[in-house]
Each structure stands twice: as C-alpha cells, then as structure tokens.
Amino acid sequence: MQIRSAADSVLGIFVTYSRKTDRASDQHRPAIDNVATLASIAIERNINETSIKKAAHTLREAEIRMALAIEGSGTGIWDRHIATGEIHYSPGWKAILGYTESELSNKITDSYTRVHPDDIAFVQAAMQAHFEQKTESYAVEHRIRCKDGSYKWISSRGKVVSRDSEGKPLRMIGTTTDITAMRALSDKLQQSVDLITCLTNEVPGLVYQYRLLANGEASFTYVSEGVRDIYEITPEQVADNAELIHAVIHPEDLAAYRTSLQASAANLQPWHLVYRVVLPRQGLRWRHGDAQPRRLHDGSTLWHGFITDVTERKRIESELQEFATMDFLTQLPNRRHFMARMEEELAQVQNASDTRVAVLMCDLDHFKTINDSYGHAIGDVVLRHFAVILRAELRKNDTVGRVGGEEFAVILSGVSTAEAHTFAQRVQKQLAATPVVANDITIPVTVSIGIACMNETDVSADASLSRSDSALYRAKNGGRNRIEIAID
Ligand code: GH3
Ligand code: MG
Ligand code: MG
C-alpha cells in the first residue's frame with residue numbers, strides 16, 4: 001500500500017511479506033494501516049529535518065560569504081547594546097586596529113578611550129544626535145588609536161536597530177572602514193591644491209583658468225586672489241559671473257578684448273593683449289594678459305593664463321617716448337621732433353598750394369651776458385620763462401620747438417607772414433611785460449625774431465627754417481629786439 005504524507009503526496013510503498021500465501025486478514029488490516037501511518041510520519045519528519053538542515057547550511061554559507069566579503073573589504077562590524085554598556089566587535093574590526101580576536105574588552109567606555117582626543121567631542125555628539133533620533137543614521141569620520149599606539153582614520157556608520165516603547169535606543173549595529181589610505185591620498189591632493197593656491201596667490205597679478213563652452217557660455221574655473229587687485233572683484237563674484245570683467249574693461253578696449261579671445265579660441269593661438277581697465281578704487285590702469293588655450297573633448301576651450309598690472313611700464317614707456325621727442329628743460333618738443341612736424345607741414349603745403357604756413361625763428365638777445373651776469377641756473381629760468389610765454393601765445397594746431405640753446409622755432413599753420421608778424425609782436429610785448437625776477441633782481445630779456453613762409457617748391461623743411469634764420473640774422477644786425485620777414 002502507498003504511504004502518503006499529510007498533504008497526500010506519495011512518500012513510498014508499504015509492503016508486507018508473509019510465508020503464507022493468504023492475503024492479510026481483515027483483523028490485521030488496522031495494524032498494518034497504523035504501521036503505514038507511523039512510517040509516513042517518520043519519513044516526513046526525516047524529510048523536514050533534512051530540508052531544515054539544508055536551509056540552515058545554505059544560510060550559514062551565505063553568512064560566511066557575507067562575513068568574508070565584509071572582512072575582505074577591510075570593514076569591521078560592531079554591535080552595541082546600549083542598556084548593558086557592551087559592544088561586540090567582529091574579528092575584522094579588531095584586525096583594523098591590530099588586535100587579535102581574543103583581545104579588547106567589550107565595554108563601551110573603553111571604546112571611547114581609543115578615539116583621538118580632538119575627535120571625541122563630535123563623535124559623541126553625532127552618536128547622541130542619532131540616539132535622540134535627530135539623525136537618520138550615525139556616520140562620522142575620526143581617528144582611532146591602534147594597538148601599537150598609532151592612529152588610523154576610520155569611517156564609522158551605524159543605526160539603532162531596536163528601541164524601547166519610549167524610543168530609547170537598545171541596540172545599535174554598525175560598520176567601521178579603514179580610510180587612512182584614502183585620507184592620506186585626499187590630504188596629499190589637498191596639499192597640492194593648497195600649494196598651487198598659495199603660489200598663485202603670491203604671484204603678482206591674476207592667475208586663472210577660463211573656460212568657454214561651445215555654446216558661448218564662459219566661466220572662470222579658477223582665479224587667484226590677485227583678481228581683487230587686477231579687476232577689483234572678489235574671486236567669488238567672478239566665479240559666479242564671468243561677465244563682470246566686461247564692466248571694468250575700458251569701453252574703447254572691450255571690442256579688442258572680445259575679438260582677441262575669439263581669435264585665440266578659433267585658432268588655438270596664445271592670447272596676448274594689453275588693454276585698459278577703469279576701476280572704482282584705482283581708476284584707469286593698464287593690464288597685460290597672456291594665456292594658452294586648448295580644446296577639450298566637449299568642444300569647449302580652456303585657457304590657463306595670467307594678467308599683470310603694466311600701468312607703471314606704460315608710464316615709463318610714454319615717459320621715454322616723451323624724452324625722445326621732448327626737451328627736458330623747457331618741456332617743449334626737441335629739434336628732432338620739431339623738424340618731423342616741419343616735414344608734415346611741408347607735405348601739406350605741397351599737397352594743397354593754397355595752404356599757408358609761417359615759420360618763425362626766435363633767438364634770445366645777449367643770452368650769454370645773462371648767463372655770465374646771473375649764472376647758468378638763472379639762464380635756465382629765463383629759457384623756461386620764454387618757453388611758457390611762447391606756448392601761451394600758440395593755438396592748438398601750432399608747434400613750437402627748442403631747436404638750439406636759446407633758439408626757439410614756431411610753426412603757425414594757415415597763417416600769412418603778416419599775421420605771423422603780429423604774433424611775433426605779441427610775444428615780444430609779453431616778454432617785455434613779464435621780466436624774469438630772480439633773487440630780487442629783475443632781468444630784462446628781449447628776443448629777435450625772423451619770419452619766413454613755407455613754399456611748395458621747398459625741397460626740404462630746412463629751406464623755410466633757413467630763410468627765417470636769415471631774417472633773424474638781419475634782426476640781430478638791425479639792433480636786436482626786432483622782427484624781420486624773409487624776402488623770398
Ligand atoms: P645774441 O644776442 O647774438 O644771440 O647773443 P647771445 O649771447 O644770445 O648768443 P650766443 O650764441 O653768443 O650765446 C648763447 C649762449 O647760450 C651760450 C650758451 O652758453 C648758452 N646756453 C646754451 N644752452 C644753454 C642752456 O641750456 N642753459 C643756459 N643757461 N645757457 C645755455
Ligand atoms: Mg643763438
Ligand atoms: Mg642769442
């Protein structure tokens with residue numbers, strides 16, 4: 001007969017053997033049935049036990065696998081019983097600190113003695129906050145003392161898994177990971193960043209990284225502290241809005257600034273530009289920008305560069321330029337510059353024959369005597385005094401130059417010799433009216449003036465100057481303090 005389980009599935013077949021060939025009599029039947037039922041119970045129990053054992057074995061294996069995985073990842077596990085003040089550590093946890101499985105006490109109070117003194121306060125505060133359910137979980141990074149006395153950085157994370165009816169924590173389970181190597185790496189990285197920041201902040205001017213996206217959007221991905229000086233903007237402001245720079249660039253230089261950057265991006269050529277900025281505090285200043293572009297995979301352009309203050313250099317350059325064209329004593333154009341102006345005027349006369357230009361040569365009378373009588377320094381004062389008078393009489397487009405020791409030449413554009421004569425008279429009158437007073441002594445000074453006009457037939461600027469010089473010669477010979485016009 002079949003042996004059936006409680007669920008009526010066939011577990012096996014029950015067979016009875018007898019020497020006799022008789023079928024089992026009815027009186028034996030209940031006994032046989034009982035034996036079959038007992039057998040089914042026994043078999044079912046056996047099957048259940050086997051499957052439970054199997055399940056337990058599978059569970060155990062999974063547990064071992066998980067434990068191995070956790071241990072292998074350098075993670076330790078802890079299980080804290082808040083009420084009893086006990087904590088249990090996994091062997092892996094102990095291994096992180098260099099302890100064997102049998103070492104370390106289970107007291108929570110002992111565990112806190114291993115936390116670095118500088119970290120203990122925030123570790124306890126984080127734990128407390130989680131106990132009071134102010135945080136979803138407990139997660140801190142802190143230093144912990146190992147068996148050999150050295151400290152390791154660990155990341156500790158945990159969660160209360162059971163609380164009493166009033167919400168008080170009973171048990172908490174968590175993991176601990178050794179992050180010393182990661183911390184060392186991130187420390188090193190931070191050190192590199194600090195080094196770059198410190199160095200770039202020490203460099204005079206602004207060191208920066210600028211990125212222009214393919215869609216035209218631009219941003220400063222790095223600016224050194226120098227931006228405060230170069231543009232009078234904070235690093236935060238410029239990181240927020242790169243366009244702020246445009247507001248401080250001199251309006252006349254903004255187009256050049258934009259097009260030079262565009263050209264640099266298009267050709268990947270280094271960017272160089274000298275431009276002006278107008279700043280709230282410093283006013284008008286000169287800036288020199290240099291940057292190297294490169295194209296990134298996303299089509300954007302990234303520049304690394306620096307901007308320096310070249311205001312002083314510009315000032316010196318323009319001063320040098322002035323020295324090259326200016327007479328230092330009188331601050332008037334020197335002979336070289338004056339002659340260049342003469343050539344320009346002659347070109348104008350030659351282009352349009354109706355253009356009139358008068359050339360005057362002025363020479364102080366008996367200047368040697370002034371030097372000899374009052375000294376060279378007073379002689380210099382007289383020269384400067386005369387230069388001021390001449391300049392005051394000039395119109396905007398006229399030119400005066402110191403062409404010799406006490407010789408001054410003047411170009412009067414669009415003026416006839418007769419008008420030039422009137423001008424010369426004014427100069428003489430002015431000089432007579434304002435004598436030089438030095439050391440309480442009044443020094444009378446007079447000037448002789450020769451006038452000529454430029455001719456379109458003149459082969460060079462020297463021609464008209466030499467005619468006015470001849471006229472001057474006549475003025476000197478005529479008794480000085482006189483004006484003579486050249487007879488062409
Ligand atoms: P004249 O009326 O004929 O022009 O006589 P003068 O004495 O003015 O002319 P002269 O050419 O004999 O003398 C010019 C003097 O100007 C000689 C020179 O020492 C002096 N001189 C030239 N350059 C300077 C200068 O930069 N400073 C001073 N103080 N004197 C100068
Ligand atoms: Mg002279
Ligand atoms: Mg003279």
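Counting starts at 1 for both ligands and their atoms, in listed order. Here the structure is a predicted model, which means the values were calculated and not measured.
A donor and an acceptor atom, one from each side chain of Asn455 and Thr457, are nowhere located under 3.5 Å apart.
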Practice problem: Test Asp398 against Val400 for side-chain contact (heavy atoms from CB on, under 4.5 Å), laying out the working first. | Solution: CA-CA 7 Å; Asp398 299 332; Val400 60; over 6 Å; no

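Using a cutoff of 4.0 Å between basic side-chain nitrogens and carboxylate oxygens, Lys94 and Glu103 are not scored as salt-bridged. Using a 4.0 Å cut-off between charged nitrogen and carboxylate oxygen, Asp253 and Arg287 do not count as a salt-bridge pair.
Legend: ring pair (Phe, Tyr, Trp, His ring centres under 6.0 Å) pairs involving residues 385-430, not counting sequence neighbours, sorted by first then second residue: Phe386-Phe408.
Using the six-membered ring where Trp is involved, Trp93 and Tyr89 have ring planes that are parallel, under 30° apart on the 30 and 60° scheme. Using the six-membered ring where Trp is involved, Phe220 and Tyr208 have ring planes that are perpendicular, over 60° apart on the 30 and 60° scheme.
You'll find the side chain of Ser413 reaches within 4.5 Å of the side chain of Glu345, heavy atoms only.
For the Mg ion (ligand 3), protein N, O or S atoms under 2.8 Å: 3 in total.
Residues passing the salt bridge (charged side-chain N to carboxylate O under 4.0 Å, His left out) test with Asp240, sequence neighbours excluded: none.
Protein residues lining ligand 1, listed by chain and number: Asp363, Leu364, Asp365, His366, Phe367, Lys368, Asn371, His376, Gly379, Asp380, Leu383, Arg402, Gly405, Glu406, Lys476, Arg480 [non-hydrogen atoms, distance under 4.0 Å].
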